[in-house]
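Notes follow once the structure below has been shown.
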Amino acid sequence: MTDITIEKITTAADLEKCFQIRTIVFVEEQHVAQDEEIDGLDPQADQYLLSVDGAPTATARVRYVDGLAKIERVAVLKTRRGLNIGRKLMEFMIADIKAQAQVSTLKLGAQIQVVGFYQQLGFQEYGDEFLDAGIRHKWMKRTI
C-alpha cells in the first residue's frame, strides 16, 4: 500500500526538498535556467510538499497576489506522473486556500501540454498564449 502525505511546509529542510523536485523537473528536464526557476519569490509563498512512502515526490507554491491565489511551480517527479499525484496535490492546495477564505479566485500559468489536466480540476483558459522560460503557457483561472 502506498502512503501519500501532503503538507504545507514550514522548515528550511522541507523547502530544500521542494527545490530539489523543482530542479529535477524544471531545470534538468525542461532546461529552465536555475536562476529563473529559483526566482526569489519563495519566501512570499505558501509551499506544499507531497511525499510517497516518505520520499518527496511533488511540490507547488501559492502566492497571494492582487486579491487572488496564484498557483505556481507545480512539479511531479517523472516516475510518478500519470498516477493522480498532481491531482491529489492540487486538491489539497485548493482545499487549504479555500479554508483560508482570503480569496475566491485561483490563477495559474499552465504549460500547454497540461492545460487539460487543469481543466479537469475546474480551471478555464483565458487570454493569449505566452512564453515563460521559453515554454508555451496559457493563463487559467477558477473560482472557489
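Any value given below was found using the heavy atoms of this structure, including those in side chains, with hydrogens, waters and symmetry copies removed.
Rounding to the nearest 0.5 Å places CD1 of I97 at 10.5 Å from CZ of F92.
I112 and V114 end up in different hydrophobic clusters when Ile, Leu, Val, Met, Phe, Trp and Tyr side chains are linked at under 4.5 Å. When hydrophobic clusters are built by joining Ile, Leu, Val, Met, Phe, Trp and Tyr residues whose side-chain heavy atoms come closer than 4.5 Å, directly or via intermediates, L49 is not grouped with V27. Transitive grouping of hydrophobic side chains (ILVMFWY, heavy atoms separated by less than 4.5 Å) keeps F26 and I85 in distinct clusters. Hydrophobic clustering (side-chain heavy atoms under 4.5 Å, transitive across Ile, Leu, Val, Met, Phe, Trp, Tyr) groups V25 together with L15.
Side chain of D53 to main chain of D3: a donor-acceptor pair is present (N/O by atom type, distance under 3.5 Å, no hydrogens or angles). Not a single donor-acceptor pair under 3.5 Å links the side chain of T59 to the backbone N or O of A75.
Applying the side chain to side chain contact (heavy atoms under 4.5 Å, CB included) criterion to Q44, with sequence neighbours excluded, gives L41, R63.
Taking the charged nitrogens against the carboxylate oxygens, K107 and D66 have no contact shorter than 4.0 Å, which rules out a salt bridge. Remark: R61 does not engage D46 in a salt bridge, criterion side-chain N to carboxylate O under 4.0 Å.
Annotation: side chain of I4 is in contact with side chain of L50 (closest heavy-atom distance under 4.5 Å). At a threshold of 4.5 Å between non-hydrogen side-chain atoms, the residues I24 and L77 count as touching. Side chains of D96 and K8 form a contact here, defined as non-hydrogen atoms less than 4.5 Å apart.
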Quick one: do Q119 and V115 satisfy side-chain contact (heavy atoms from CB on, under 4.5 Å)? Show the steps, please. CA-CA 6 Å; Q119 287 172 330; V115 164; 3.8 Å; yes
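For the side-chain hydrogen bond (donor to acceptor under 3.5 Å, both in side chains) condition, the pairs that include at least one residue of residues 19-33, sequence neighbours left out, are R22-E37, R22-D42, E29-R81, Q30-Q111. Sequence neighbours left out, the pairs with a member in residues 131-144 that pass side-chain hydrogen bond (donor to acceptor under 3.5 Å, both in side chains) are E129-R136.
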